[in-house]
Amino acid sequence: MKQFKILYTEDDETLAFLTKDNLEQNNYDVNHCRDGQMGLESFKKENFDICILDIMMPKMDGFELAAQIRKCNSDIPIIFLSAKTLKEDRIKGLRLGADDYLVKPFSIEELLLKIEIFLKRSQKNILIEKPVYEIGKYQFDTNNFVLFNENEKISLTQREAELLKLFLDNKNSVLKREQILTSLWGTDDYFMGRSLDVFISRLRKILSNEKGISIENLHGIGFRFTM
């Protein structure tokens, strides 16, 4: 069985030791970095399967580190671990392309479950079947998570690309909220529902000028993508 490699950044040495030890006991290869700058240097030198990032760190915080990682790799799973509990911080993290945001103190069992879910999904590479779609004036390259035309190129996160592809494969049909959550995250979870709302808002903004294209919110049911 492949041993997955984790980039883990955390400046609290006690928490880092406990978390790293638990992850290694579950057969993960963990590279722990004490600050964001060290984390970025490590990411550029080695190949990782998933990143687990603290936010409040010296030299470079987790938000900036995630932004730099996304410039290098648009699809590696990123999980934030943070004592910052404000909704704005969670939304900022998701907009930077994070796949999840766990608030400290967190359950190691929950963290292990999230890691397993995201690693399974990233290994499946579910966007391969149909690589390019036409959406109004755009071409949607599902393999590279990009919307483009001759004048513009818009990069999406992996989760945004998966959501857009799911809508396109089910266009003009109702997708229940729990169906979307289960397809993308493997669970119908309240916090994943908040993440879903963030991604839908960004897709609406990107496609707002495309006539005949909309993402309709069906209250208490789900969404319908029409084009």
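Because the structure is predicted, anything quoted here is derived from the model rather than measured.
- Between the side chains of Ser107 and Glu109, at least one donor N or O lies within less than 3.5 Å of an accepting N or O.
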For the pair Asp197 and Arg204, evaluate salt bridge (charged side-chain N to carboxylate O under 4.0 Å, His left out) and give the outcome as yes or no after the intermediate values. CA-CA 10 Å; Asp197 292 336; Arg204 279 183 175 141; over 6 Å; no

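- Judged purely by distance below 3.5 Å, without hydrogens or angles, the side chains of Ser42 and Asn31 pair a donor atom with an acceptor atom.
- For the pair Lys171 and Phe225, the cation does not sit on the ring face, since its NZ or CZ is not both under 6.0 Å from the ring centre and inside 45° of the axis.
- The closest side-chain heavy-atom distance from Leu207 to Ile135 is below 4.5 Å.
- The shortest side-chain heavy-atom distance between Lys59 and Met57 does not fall under the 4.5 Å cut-off.
- In this structure, the side chains of Leu23 and Asn26 stay at 4.5 Å or more apart for every pair of heavy atoms.
- At distances below 3.5 Å, at least one donor-acceptor pair connects side-chain atoms of Asp61 with backbone N or O atoms of Glu64.
- Counting non-hydrogen atoms of neighbouring residues, nucleotides and ligands closer than 6.0 angstrom, the CG atom of Asn47 reaches no more than 12 such neighbours.
- Using a 4.0 Å cut-off between a side-chain N of Lys or Arg and a carboxylate O of Asp or Glu, Glu41 and Lys45 do not qualify as a salt bridge.
- Met227 has its side chain within reach of Leu168: a pair of non-hydrogen atoms, C-beta onward, lies under 4.5 Å apart.
- Hydrophobic clustering of Ile, Leu, Val, Met, Phe, Trp and Tyr side chains at less than 4.5 Å, counting indirect connections, unites Ile154 with Ile200.
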Can you check side-chain contact (heavy atoms from CB on, under 4.5 Å) on Leu164 and Thr142, steps first, answer last? CA-CA 9 Å; Leu164 181 54; Thr142 60; over 6 Å; no

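- Proximity of a side-chain donor or acceptor of Asp49 to a complementary backbone N or O of Lys5 within less than 3.5 Å is detected.
- Within the 3.5 Å criterion, the main-chain N or O of Ile78 finds a donor-acceptor partner in the side chain of Asp99.
- For the residue pair Asn22 and Tyr28, no side-chain donor N or O sits within less than 3.5 Å of a side-chain acceptor on the partner.
- Residues Val146 and Lys153 have side chains in contact (heavy-atom distance under 4.5 Å, counting atoms from C-beta outward).
- In terms of modelled atom types and a separation under 3.5 Å, the side chain of Glu160 and the main chain of Thr157 share a donor-acceptor contact.
- Separation of atoms CG (Asn27) and CD (Gln25) is listed at 11.5 Å; rounding is to 0.5 Å.
- Remark: side-chain polar atoms of Arg70 are paired, donor with acceptor, to backbone N or O of Asn73 under 3.5 angstrom.
- Considering only heavy atoms from C-beta on, Phe80 stays 4.5 Å or farther from Leu102 through its side chain.
- To the nearest 0.5 Å, atom OG of residue Ser155 and atom CG of residue Asp141 are 10.5 Å apart.
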Test side-chain contact (heavy atoms from CB on, under 4.5 Å) on Phe43 and Cys51 and set out the steps. CA-CA 9 Å; Phe43 183 82; Cys51 301; 3.9 Å; yes

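- A distance of 5.0 Å separates CG in Leu40 from CE in Met60, rounded to the nearest 0.5 Å.
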Using ring pair (Phe, Tyr, Trp, His ring centres under 6.0 Å), reason through Phe48 and Phe4 one step at a time and then give a plain yes or no. CA-CA 8 Å; Phe48 294 96; Phe4 291 103; over 10 Å; no

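- Shown here is Arg202, whose CZ atom has more than 12 heavy atoms of other residues, nucleotides or ligands within 6.0 Å.
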Trace of the side-chain contact (heavy atoms from CB on, under 4.5 Å) decision for Leu81 with Leu53: CA-CA 6 Å; Leu81 304 178; Leu53 311 179; over 6 Å; no

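- For the atom pair Leu196 CG and Arg177 CZ, the distance stands at 5.0 Å (nearest 0.5 Å).
- Side-chain contact check for Ile180 versus Phe167: some heavy-atom pair is nearer than 4.5 Å.
- Contact check on Arg159 versus Asp100 returns no salt bridge, with no Lys/Arg side-chain nitrogen under 4.0 Å from an Asp/Glu carboxylate oxygen.
- Hydrophobic clustering, with ILVMFWY side chains joined whenever heavy atoms are under 4.5 angstrom apart, groups Ile69 together with Tyr101.
- With values rounded to the nearest 0.5 angstrom, Leu218 atom CG is found 12.0 Å from Ile215 atom CD1.
- By the 4.0 Å N-to-carboxylate-O rule, Lys104 lies close enough to Glu10 to be salt-bridged with it.
- We find the OG1-CG distance between Thr9 and Asp54 to be 6.0 Å, quoted to the nearest 0.5 Å.
- A donor-acceptor contact closer than 3.5 angstrom links the side chains of Glu152 and Tyr138.
- The distance between the ring centers of Phe148 and Phe140 does not fall below 6.0 angstrom.
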Dump the intermediate steps for side-chain contact (heavy atoms from CB on, under 4.5 Å) on Leu65 and Ile55, then the final yes or no. CA-CA 9 Å; Leu65 175 56; Ile55 291 178; over 6 Å; no

